[in-house]
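Structure first, commentary second.
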Protein chains: 2
Amino acid sequence: MTDLLRTSRVCYARFMGVTIKDVAREARVSMASVSRALNGTGAVRKEIRERVLAAAERLNYVPNSGAQSLMTRRTRTIGVLLPRFHGEFFFELIRGIDSAARSRGLHLLVSTSHNDAGETRQALRAMVGRVDGLLALLPHVDAQFLHQTLRGTLPIVLLSTADIEHVYASVRIDNFGGAYAMVKHLVACGYRSIAHISGQPDNVDTEERARGYFAALAQELPDAKPIVVQGDFTEESGYKAAQELLRLRERPRAIFAANDMTAIGCISAIMEAGLSVPDDVAVVGFDDIPTARFVRPALTTVSVHIADLGARALECLASGIEKPETLSSITEIVPADVVVRDSCGARRQSRGAGV
Amino acid sequence: MTDLLRTSRVCYARFMGVTIKDVAREARVSMASVSRALNGTGAVRKEIRERVLAAAERLNYVPNSGAQSLMTRRTRTIGVLLPRFHGEFFFELIRGIDSAARSRGLHLLVSTSHNDAGETRQALRAMVGRVDGLLALLPHVDAQFLHQTLRGTLPIVLLSTADIEHVYASVRIDNFGGAYAMVKHLVACGYRSIAHISGQPDNVDTEERARGYFAALAQELPDAKPIVVQGDFTEESGYKAAQELLRLRERPRAIFAANDMTAIGCISAIMEAGLSVPDDVAVVGFDDIPTARFVRPALTTVSVHIADLGARALECLASGIEKPETLSSITEIVPADVVVRDSCGARRQSRGAGV
DNA sequence: GACATAATTGAAAGCGCTTTCTGCGAAAAG
DNA sequence: CTTTTCGCAGAAAGCGCTTTCAATTATGTC
């Protein structure tokens, strides 16, 4: 009767799956032998193995991974903590992480949008027992917070997160170097007044990029006065910041936006004001998101190989899980280099080069 | 001694976290009371609760979610199966799923790139015991496969996957309607020879979009001969297909690409051939990925509200998990409507309207 | 053929947690 | 003052699995 019911509403009822016990009964062996036969651990007579395999097949047995990892203390899953799931930066990042994870047979448990420390804490706790390690991009959270929230329970690799004391392994972008190189490039293009639209406040990336801007300006253009407008990495903030810059008595000749989306918003504002990019104002970004190629004029930007960054972080974590001693407080810096396209004006003579 | 070691290499050693047993000992109560106090289930005297909370705080106790869900049979996690993690379509989709999941306090376990049935099977099995339900976008897998791989073990919602017998709940795009409307729009623009670059073979979306193309053409332009070139949803395939179409004796006046990336590749090829889009050849896409707005000319396309699609699917699944009886074999179709931008030429008179 | 040795197998002990179920003392009812 | 009820705490039974450990059987040696 019950069986009939089950069969007739297969995709409604949450009837419990068949367990190892059922397989054992079906194969007339012990649970232990089923486990051994299925996992290939320990010695099992050929005949028994076949009987187990057949029984498992017949009953359509699927082991409960949750229970499995409770015993083995291995989940083959990596937790990924991101601040939000928005914008191509994160997409590229997770794509890189995913591809590296896949090639190692690891799953990804993602958790996003932790607006405050409480939510982050919650998310971190929810990971315990479900993952073997953590990959965290938490701009507004410091190592101390992590330390006291999960005191070494889980191996963790930080992605461009503030960790002054170098307690955790981290891989980060060479924000300073990239920004420096970009400003230098703008100077080389001949621009003498270069403004900066900064990123979200209280963010390591924001600070380092701004630092690169100031440093390069001081070095390359000692007489120029830095001009900085606050943004927040969004297209909209770029739009508004550009409007603000255009209202200035002395309009800057070039704008270095803290990221590509900001630069894109910036370009819209400039074009709407009836001006040309790069002829009237040059605009450059940071990140090299896929869209940077498609936008017109194609965006000159700092390529950080976002997907590689994610992949490197995962590799780092994965090997740290295998051999905990390798996961020391190493900080890996991935390089960032200028990609020249059309929005900076460097290619003005060689038009049509496209892409 | 051991403790000293632990402290000094906090992020190396994988010392087991503190368990509910430790908290119980520390608070001088039973494990049962700790559980009750922490979860707020069952009655606990105020004094005991406070003692437990204090002990948990002192020991920095984090419950093991894996063990928890083994008992409760609830993981508060949704499994997401995607064919690959590439392109903005998937990004938008997962963004929608993620935002819906977050607002319901659910986690996401993602699994991608299942190239063959074996891998898919593997991935499906790895989900059992880790998730409460499944969201699957598996173009080359049919309901029968799913049925026999996990026979109703998990509630599942299909995303534009072939499910002829309507065994599973599914939410899909109105591919046919969108394609039909787009071709109709092109006819309304005055084009009389309209080609189609199809998508990846053996894909439901591909087939339905092509079907929409044929139907609209037959209806709106009975005398026109359909021209179809095989693509595979990539930018490159669009590029190549366009070259092929341009070599035709009678060059088509408009091209309906099966998706936006194909259309973008298509535009590149046309421009490289020294022709103008839309003046010489109009190009339109399908999906409305974020980049469609930024590409020049801005892409006329069929908006499928990808993120909404993902969110709807998650809602559907979540409510199906709560009340299994609601998760019948309902098929939800999300509408797809034409978004007119510049690449179709409809706006030629009103230039500069942008974005 | 009797013994030591090796190969298999099953019973049982958990992994860390929740949840009955039982028992206790206190409050309410008689 | 006794009996009934009730609120609360702890013991213990698992969830589905792996993994000792001891028991069993098969194999090899003298």
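Chain letters run A, B, ... following the sequence lines, proteins first and then strands; every chain starts at 1.
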**Q.** Contact under 4.0 Å: B:Asn39 side-chain N or O vs C:dT18 OP1/OP2
**A.** yes
Q: Run the salt-bridge test on B:Arg74 and B:Asp132 with the 4.0 Å N-O cut-off and return the result as yes or no.
A: yes
Q: Take the protein atom CE of A:Met127 and the nucleotide atom P of C:dG16, then report the distance between them rounded to whole Å.
A: 20 Å
Q: To the nearest Å, give me how far apart CD (A:Gln68) and P (D:dG16) are.
A: 13 Å
Q) Where the side chain of B:Ala43 is defined as all heavy atoms beyond and including C-beta, which of D:dC8, C:dC17, C:dG10 is the nearest nucleotide? A) D:dC8
Q) Considering only side-chain heavy atoms of A:Arg73, which listed nucleotide, C:dC15, D:dC15, D:dG10, is closest? A) C:dC15
Q. When all nucleic acid strands are considered with a 4.0 Å heavy-atom cut-off, which category describes B:Ser35: base, sugar-phosphate, or nothing?
A. base
Q: Using heavy atoms to find the nearest nucleotide of DNA chain D for A:Thr72 and B:Val44 separately, return the residue whose nucleotide is more 5′.
A: B:Val44
**Q.** Heavy-atom check, side chain of A:Leu159 versus side chain of A:Leu135, under 4.5 Å
**A.** yes
Q. Can you check the B:Met71 CE to C:dG14 P distance for me, whole Å?
A. 18 Å
Q | Pair of N/O donor and acceptor under 3.5 Å linking D:dG10 base with B:Arg36 side chain | A | yes
Q | Between P of C:dC15 and CZ of A:Arg130, the distance in whole Å | A | 20 Å
Q) Do B:Asp22 and B:Arg25 meet the salt-bridge criterion of a basic N to acidic O distance under 4.0 Å? A) yes
Q | Rounded distance in Å - NZ (B:Lys21) to P (D:dG10) | A | 15 Å
Q.
What's the closest nucleotide to the side chain of A:Met31 if the choices are C:dT8, D:dG10, D:dC17?
A. D:dC17
Q. So which nucleotide from C:dT9, D:dG10, D:dG14 ends up closest to the side chain of A:Ser33?
A. C:dT9
Q) Is the closest basic N to carboxylate O distance between B:Arg51 and B:Glu26 below 4.0 Å? A) no
Q: Classify the nucleic acid contact of A:Ala32 as base, sugar-phosphate or nothing, counting any heavy atom under 4.0 Å across all strands shown.
A: base
Q: Choose from C:dG10, C:dG16, C:dT19 the nucleotide whose nearest atom is closest to any side-chain atom of A:Ser30.
A: C:dG10
Q.
Please determine whether a side-chain nitrogen of the Lys or Arg among A:Glu332 and A:Arg172 lies less than 4.0 Å from a carboxylate oxygen of the Asp or Glu.
A. no
Q: Starting at atom CG of A:Leu70, determine the distance to atom P of C:dG16, rounded to an integer number of angstrom.
A: 7 Å
Q. How long is the line joining CD1 of A:Ile20 and C1' of C:dA12, in whole Å?
A. 14 Å
Q | A:Arg74 CZ - D:dT19 P separation (whole Å) | A | 12 Å
